[in-house]
Amino acid sequence: MDHEWDSRNNILKVAAPPGFDLAMTLECGQCFRWRREGDGSFTGVACGKTANVAQSGRELLFSIGSADEFEGFWMEYFDLGRDYEHIKHTLAEHDENMRRAVDYAGGIRILRQDPWETLISFIISQNANIPRIKKCIESLCRAFGEQITDGRGRMWHAFPTPEALGSCPEADVDHCRLGYRSGYVLETAAKVMEDGAGALAAARMLPGAEAEAYLRSFPGVGPKVADCVMLFGLGHYDRFPADVWIRRAMAAFYGFRESDARGIAAFAAAEFGPMAGFAQQFLFQYIRNTDSAVNASKGGSAC
DNA sequence: AGCCAGGCCCAAC
DNA sequence: GTTGGGCATGGC
């Protein structure tokens with residue numbers, strides 16, 4: 001990948017892969033710690049590092065600590081090395097619904113996020129909406145995360161470590177307003193501390209069923225949260241998290257009952273296989289942001 | 001105002 | 001093995 005490093009301003013100029021859409025990637029609900037600046041760029045924190053990233057057509061500008069940090073971290077975080085053209089082609093040819101989803105949302109990249117952060121974030125996500133999830137997580141980071149100063153002297157907070165969360169008094173978490181999820185978060189953090197964060201990261205190498213079983217041993221982790229952690233944090237790209245929106249879409253597009261989790265999972269495995277996770281992200285973004293049949297039937301008055 | 005939100009847990013069937 | 005109520009809170 002061709003680079004151009006501006007050492008005076010610590011800005012790296014990189015060519016974006018074909019079709020890459022920074023804004024959609026960061027705003028599609030897979031991550032919760034990026035915010036859009038007034039100039040349309042995004043600032044966020046991942047794995048203890050901050051970045052400001054801007055996209056102008058096929059050009060990406062990374063405002064980061066050093067040139068090495070791109071190759072060493074951000075390139076992988078944004079999954080810029082993967083051949084998405086092949087994935088999009090394959091999915092688009094599956095059926096007309098997928099073709100529309102790929103046309104609309106094919107600019108999304110599935111970020112390679114930290115498994116621990118993903119685990120806690122998606123425990124918090126249950127029965128909440130995306131703005132609320134972001135607030136809860138920011139609140140946790142401000143209360144328990146290490147401070148980071150970026151190149152411009154702005155202060156940020158890393159995501160809290162398992163130790164910081166797992167050993168804090170319950171009362172301190174109360175003001176983060178997690179609701180009934182705070183117990184799940186604290187108990188899960190304590191268990192990650194016990195098992196070691198390495199055990200969680202090692203689930204990347206486990207067969208899917210074993211990784212899922214391990215994740216579901218944490219309180220507050222059911223089938224959907226486990227799938228999200230596997231897809232967004234552990235590189236299990238064959239996972240197809242089925243939240244209320246996806247179940248709605250599967251009902252409208254493929255005739256499933258919304259309650260038929262097994263059927264939906266089997267369909268995704270059989271039809272999309274190792275690309276199921278990408279299919280899921282494209283579908284999710286598509287149905288949430290377009291006037292599709294899914295939204296038309298939301299109120300139960302489809303005709 | 002009231003319904004719903006990137007669900008999970010647990011008790012009844 | 002499936003189904004349904006309860007859950008703590010805030011966005012819209």
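Keep in mind that what you see is a predicted model, and the values were worked out from it rather than measured. Letters A, B, ... are given to chains in the order of the sequence lines, protein chains preceding strands, and every chain is numbered from 1.
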Item to check | Centroid distance under 5.5 Å and plane angle under 30°, F122(A) vs dG6(B) | outcome: no
Checklist entry - Should the pair R99(A)-E96(A) be classified as a salt bridge under the 4.0 Å nitrogen-to-oxygen rule? => result yes
Checklist entry - Is it true that E27(A) and R36(A) make a salt bridge, defined as a side-chain N closer than 4.0 Å to a carboxylate O? => result yes
Checklist entry - Could you write nucleotides 8-13 of chain B as a row of B, S and -, 5' to 3', where a protein heavy atom under 4.0 Å of any base atom gives B, of only sugar-phosphate atoms gives S, and otherwise -? => result SS----
Rounded to whole angstrom units, what separation is found between the [atom1] atom of [X] and the [atom2] atom of [N]?
X	N	atom1	atom2	result
E27(A)	dG6(B)	CD	C1'	16 Å
N127(A)	dA5(B)	CG	P	9 Å
F282(A)	dG6(B)	CZ	C1'	17 Å
M250(A)	dG6(B)	CE	C1'	16 Å
H175(A)	dT9(C)	NE2	P	14 Å
N129(A)	dG11(C)	CG	C1'	5 Å
D260(A)	dG1(C)	CG	C1'	13 Å
I123(A)	dA8(C)	CD1	P	17 Å

Checklist entry - Pairs in or reaching into residues 39-66 of chain A: which pass salt bridge (Lys or Arg N to Asp or Glu O under 4.0 Å), with residues at least two apart or in two chains? => result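 Sorted pair list comes back empty.
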Taking atom [atom1] in both [N] and [M], what distance in whole Å separates the two?
N	M	atom1	answer
dC9(B)	dG10(C)	P	23 Å
dG7(B)	dC12(C)	P	16 Å
dG5(C)	dC4(B)	P	14 Å
dG6(C)	dG6(B)	P	23 Å

Checklist entry - Between T50(A) and D150(A), do the side chains contain an N or O donor and an N or O acceptor separated by less than 3.5 Å? => result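 No, no side-chain donor-acceptor pair sits under 3.5 Å.
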Next on the checklist: I need the single residue from I123(A), L119(A), V173(A) that forms a side chain to side chain contact (heavy atoms under 4.5 Å, CB included) with V185(A). Which is it?
Outcome noted: I123(A)
Checklist entry - In Å and rounded to the nearest 0.5 Å, what is the CZ to SG distance from R33(A) to C141(A)? => result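 Reported value, rounded in 0.5 Å steps: 3.5 Å.
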Item to check | Value rounded to 0.5 Å, distance of CZ in F282(A) from CG in L91(A) | outcome: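 Those atoms lie 6.5 Å apart.
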Checklist entry - Centre of Y237(A)'s six-membered ring, under 6.0 Å away, within 45 degrees of the axis: is that where NZ or CZ of R82(A) sits? => result yes
Would you classify [X] as touching base, sugar-phosphate or nothing, given that sugar-phosphate means primed atoms plus P, OP1 and OP2, and contacts are heavy atoms under 4.0 Å?
X	answer
C176(A)	nothing
P131(A)	sugar-phosphate
R181(A)	base

Item to check | Side chain Q281(A) and base dG6(B) donor-acceptor under 3.5 Å | outcome: yes
Next on the checklist: Within residues 101-113 of chain A, which residues have any heavy atom lying less than 4.0 Å from an atom of DNA chain B?
Outcome noted: none
At under 4.0 Å, does any side-chain N or O of [X] touch on OP1 or OP2 of [N]?
X	N	result
R248(A)	dA5(B)	yes
R132(A)	dA5(B)	no
K135(A)	dG11(C)	yes

Checklist entry - Can you list the steps and then say if D103(A) with Y286(A) is a side-chain hydrogen bond (donor to acceptor under 3.5 Å, both in side chains)? => result CA-CA 9 Å; D103(A) 283 350; Y286(A) 172 61; over 6 Å; no
Next on the checklist: What I'd like to find out is whether the side chain of F218(A) reaches to under 4.5 Å of the side chain of V192(A), using heavy atoms alone.
Outcome noted: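 F218(A) vs V192(A): side chains touch.
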